[in-house]
Amino acid sequence: MPKLVLIDGSSYLYRAFHALPPLSNAQGEPTGALFGVVNMLRATLKAAPDYLAFVADAPGPNFRNELYAAYKANRPSMPEELRAQVEPMLAIVEALGVPILRIPGVEADDVIGTLAEQAHAQGIEVEISTGDKDFAQLVRPGITLVNTMTNTVTDTARVIEKFGVSPERVVDLLALTGDSIDNVPGVPKCGPKTAAKWLAEYGSLDGVIAHADEIGGKIGESLRAVLPQLPLSRELVTIKTDVPLELPVTALVRRAPDVDALRELYTRYAFKAALKELEAGDTGAAAASAPAATAADELPATAAAPPGRYELVLTWEQFDAWLDKLRVAPLIAFDTETTSLDAMRAELVGLSFAVEAGAACYIPVAHEHPGAPAQLPREAVLAALKPVLEDPARPKLGQHAKYDINVLAGYGITVRGLVHDSMLESYVLDPTATRHDMDSLAKKYLGLSTVKYEDVAGKGARQIGFAQVALEDACRYAAEDADVTWRLHHALWPRLERELGLRKVYEAIEIPLVPVLAGMERRGVLIDVSSLKRQSQELGRRMLELERQAHAAAGCVFNLDSPKQLQAVLFDQLGLAPRLKTPTGQPSTNEEALAALADQHALPRIVLDYRALAKLRSTYTDKLPAMVNPRTGRVHTSYHQAAVATGRLSSSDPNLQNIPVRTEEGRRIRQAFIAPPGWRVLAADYSQIELRIMAHLSGDEGLLEAFHAGGDIHRATAAEVFGVEPAQVSAEQRRAAKAINFGLMYGMSAFGLARQLGIERPEAAQYMARYFARYPGVHAFMEATRERAHRDGYVETLFGRRLYLENLKSRNQALRAGAERAAVNAPMQGTAADIIKRAMIAVAAWLEDRDDAHMLMQVHDELVFEVRADAVETVRAAIVERMCGAAQLAVPLLVEVGVGANWDEAH
DNA sequence: CAAACCGACGACGTC
DNA sequence: GACGTCGTCGGTTTGA
């Protein structure tokens with residue numbers, strides 16, 4: 001049966017653009033999308049279809065825009081780097097001899113739809129090469145979709161599986177769900193599941209419309225509200241199959257390629273593999289059995305390698321061969337597989353290694369599913385690997401290696417010589433990227449789709465532990481992890497290496513910090529469990545009483561924990577006037593809103609009191625005791641090194657960085673963070689570090705002088721701003737000055753300041769104006785930072801960490817203003833983060849061979865230690881010296897140290 | 001068909 | 001401004 005392949009050009013261009021790293025050629029022209037499309041084409045041509053066409057959108061509006069003015073109005077215009085690749089792409093397609101179709105007035109989709117219909121009618125098998133799910137409506141026996149990027153084929157069965165409806169009903173489903181990207185309106189709150197359910201019940205969209213009044217609930221109302229526009233939505237999503245075309249399908253045959261033109265284009269864009277193929281006389285017209293090229297084919301030389309020479313190591317012979325490789329390898333990628341995501345509770349199930357792209361092994365040591373073959377024993381394997389893992393002269397590489405280091409530490413192995421971590425490479429390259437996990441990075445930088453944990457272990461309640469995963473599956477997954485880590489490093493490192501500032505941040509701060517954080521996590525902190533349990537009971541009693549009062553004040557019983565019920569009681573039942581709205585337009589019941597209502601009714605105050613206690617109990621006094629590790633008797637937090645865009649750490653399970661401090665009840669929780677008998681808690685925090693950094697970065701004389709003089713900085717600021725002697729500053733003036741200083745650090749606006757101080761906005765603006773008049777250097781610095789951000793798209797910390805800013809060019813005023821505030825704030829917060837990280841590294845080095853003090857926690861500008869009572873003075877001096885010496889600024893770094901029986905007392 | 005799970009939301013703790 | 005965590009709520013998925 002003859003075959004027609006229809007290539008959806010725009011779909012591939014967009015998908016390749018987003019899936020591949022932003023590659024460029026020697027001239028700096030962007031080539032990433034081009035590269036993806038070329039590889040796809042080469043793969044397609046190798047199959048030598050009888051007929052084929054490359055279909056792209058023609059410039060100008062099409063009939064859908066006439067039908068509906070807002071069509072695709074939400075779609076961002078094509079990024080410049082992508083636009084620049086359109087013409088070269090068409091040139092290459094042309095040179096390959098592939099027929100190109102661009103028909104004005106309709107979309108590429110409609111051309112494809114029409115050709116598919118015509119070919120199908122002539123008994124030609126049709127394959128639509130696309131990544132766009134909307135084409136599912138065309139599928140039937142003889143018409144299938146192929147996505148060469150994910151290597152998936154969609155036939156009728158797959159459509160039903162994926163959408164829950166047959167292909168003929170796909171347009172009905174799309175009309176119901178709508179498409180926010182193309183701005184096709186649908187039924188609000190109606191997703192694919194609901195739409196499929198309705199269609200199953202009423203047969204079709206017309207059936208659903210006819211029975212709209214039978215559908216209950218909120219969603220029924222939504223449906224009825226949009227009923228009139230549903231037929232239009234269906235028309236918008238329906239791909240046309242009757243576009244007038246001049247050429248018959250049978251005219252769509254490939255011409256002879258223009259080899260000279262191809263050579264020039266491939267050379268210009270540095271497509272080496274394609275060029276090689278061309279010179280070998282293989283222009284893609286060869287046998288259909290040739291293997292398809294993958295997108296990873298030609299990425300940075302070292303990242304490219306055929307997938308999957310993964311060895312499952314079950315014998316000592318195999319193990320010894322790998323051990324020999326590890327001993328001579330210039331770089332070892334390693335990864336561990338365990339029974340738990342919590343490194344402190346995890347048991348080692350296997351290890352994987354890679355020493356070159358594509359060649360990796362998995363050494364299972366504790367799989368125990370039925371029928372699992374004998375494996376090398378864990379203890380013996382670890383004993384053999386220990387010298388390599390602990391040797392600082394053997395360079396190692398991981399992805400989120402802190403986890404693996406902690407797991408191995410549980411078996412008495414101290415990993416040394418960690419020189420690279422692909423997660424941190426990604427983080428330093430772009431800390432604003434939301435994800436730095438391996439799967440995302442593999443997709444982004446390698447164009448690879450990795451085996452997911454869920455693929456081998458299942459998901460949800462039926463998920464099994466890794467020890468129960470069959471060895472072949474485990475090997476596929478685990479060895480790939482090491483392999484991908486290796487490839488990622490080789491894709492990322494060249495980018496990092498040439499940016500000197502970033503490279504220094506990475507090598508001198510982030511990488512050395514890994515073992516320090518690992519040590520703090522493993523050490524954990526001692527908690528007074530019985531005290532917290534008593535507090536829970538006490539809080540519970542008081543909450544019960546407040547709950548009783550609240551119900552009495554409301555005149556009815558309701559759930560105090562439910563903002564929704566509270567809102568109904570306050571604004572519907574009691575008739576109070578709502579003051580603020582939540583982002584979704586509901587009347588807000590947040591602290592500010594309730595405080596404003598407190599003089600009108602007793603209930604708001606009671607709720608506020610209740611909430612303060614409920615937060616403490618649910619988040620802290622109940623949870624912390626449950627997080628004590630039974631083996632160590634201590635609480636082990638996790639620090640996230642690649643989570644915050646400014647370079648700060650975050651912490652979770654538990655989050656130690658938001659333990660209460662402001663209220664008396666809150667401080668009682670800090671009192672439960674204790675030291676063992678004979679030990680003390682020592683807390684050292686940087687005083688006003690961000691303002692000091694502002695003074696340094698801006699060079700503002702007034703601010704520098706204030707810090708050199710010492711004393712109360714807020715009082716000094718108030719004296720300047722209000723033009724009085726420091727001694728004459730009123731409490732109110734100091735409060736205002738403090739709010740301005742605070743606002744400066746968090747990039748607050750006049751609006752935010754007014755809200756903070758409870759004053760009118762013009763007055764707040766006036767305060768800020770006076771502040772800037774007194775500290776002109778600060779103002780100039782902020783202006784200059786904003787300008788740089790606009791010019792470069794990023795700002796930098798003192799140590800060269802680069803922080804990219806989204807939204808700076810946004811047409812949305814609020815978003816843009818937010819980005820500008822972030823631009824000013826980021827260098828301060830980021831520099832502070834750099835400084836404390838440097839301090840941690842220095843302190844940890846000093847503590848390394850001591851057994852009388854341990855670093856336990858980091859809370860942004862504070863470090864917490866436990867110190868043996870007899871060593872307190874020595875340790876205090878050493879810590880202060882290293883913290884103060886972590887940076888040389890134009891103002892001194894001041895560190896305040898407290899010592900006590902618990903964390904609260906240490907302040 | 002109820003229980004378990006999931007994601008969005010509103011709220012709030014810290015720096 | 002950032003972050004992580006809590007409980008609720010409406011929805012979907014799962015499994016007895």
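These figures come from a predicted structure and were not determined experimentally. Chain identifiers are assigned alphabetically (A, B, ...) following the order of the sequence lines, protein sequences preceding nucleic acid strands; residue numbering begins at 1 within each chain.
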Measuring from the side chain of [X] (C-beta onward, heavy atoms only), which nucleotide among [options] has the closest atom?
X: A:Q586; options: C:dT8, B:dC12, B:dG10; result: B:dG10
X: A:V661; options: B:dT14, B:dA11, B:dC12; result: B:dT14
X: A:N658; options: C:dG7, B:dG10, B:dT14; result: B:dT14
X: A:S562; options: B:dC9, C:dT8, C:dT5; result: C:dT8
X: A:K564; options: C:dT8, C:dG10, B:dC15; result: C:dG10

Taking only side-chain nitrogens and oxygens of A:Q858, does any of them come within less than 4.0 Å of OP1 or OP2 of B:dC15?
->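 The answer is no; no side-chain N or O of A:Q858 sits under 4.0 Å from OP1 or OP2.
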
Under-4.0 Å side-chain N/O to phosphate OP1/OP2 contact, A:T619 with B:dG13 | no

Expressed in angstrom and rounded to an integer, what is the separation of [X] atom [atom1] from [N] atom [atom2]?
X: A:I669; N: C:dT5; atom1: CD1; atom2: P; value: 15 Å
X: A:Q657; N: C:dT5; atom1: CD; atom2: P; value: 11 Å
X: A:L608; N: B:dG13; atom1: CG; atom2: C1'; value: 15 Å
X: A:N655; N: B:dC15; atom1: CG; atom2: P; value: 11 Å
X: A:R668; N: B:dG13; atom1: CZ; atom2: P; value: 16 Å
X: A:R670; N: B:dC15; atom1: CZ; atom2: P; value: 6 Å
X: A:D609; N: B:dC12; atom1: CG; atom2: C1'; value: 15 Å
X: A:E862; N: B:dT14; atom1: CD; atom2: P; value: 13 Å

Suppose we screen for salt bridge (Lys or Arg N to Asp or Glu O under 4.0 Å). Which residues come up paired with [X], at least two apart in sequence or across chains?
X: A:E665; result: A:R542
X: A:R838; result: none
X: A:R345; result: A:D342

Check ion pair A:R734-A:D712 (N to O, under 4.0 angstrom) = yes

Look at the aromatic rings of A:F673 and A:W903 and report parallel, tilted or perpendicular, splitting at 30° and 60°.
-> perpendicular

Pick base, sugar-phosphate or nothing for A:I659, based on heavy-atom distances below 4.0 Å to the nucleic acid.
-> sugar-phosphate

Describe the nucleic acid contact of A:Q565 in one word from base, sugar-phosphate, nothing, applying a heavy-atom distance below 4.0 Å.
->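 Sugar-phosphate, no base atom in range.
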
May I ask you to list the residues of residues 587-595 of chain A, by number, that have any heavy atom positioned under 4.0 Å from an atom of DNA chain B?
->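 Only A:S588, A:T589, A:N590, A:E591 qualify.
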
Give me the residues of residues 641-651 of chain A where at least one heavy atom lies under 4.0 Å from an atom of DNA chain C, by number, or none.
-> A:A643, A:V644, A:R648, A:S650, A:S651

Within a reach of under 6.0 Å around CG of A:L341, are more than 12 heavy atoms found that belong to other residues, nucleotides or ligands?
-> no

Residue pair A:E820 / A:H790, side-chain donor-acceptor N/O under 3.5 Å =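 Yes, because at least one side-chain N or O of A:E820 sits under 3.5 Å from a partner of the opposite role on A:H790.
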
Heavy atoms only: give me the nearest A:T785-A:V824 pair and the separation to one decimal.
->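 Taking every non-hydrogen atom into account, CG2-CA, 4.1 Å.
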
ring-ring contact (aromatic ring centres under 6.0 Å, His included) filter on A:F571, not counting sequence neighbours, yields none

Given salt bridge (charged side-chain N to carboxylate O under 4.0 Å, His left out), test A:D172 with A:R169 step by step and report yes or no.
-> CA-CA 5 Å; A:D172 293 353; A:R169 294 275 82 86; 2.8 Å; yes

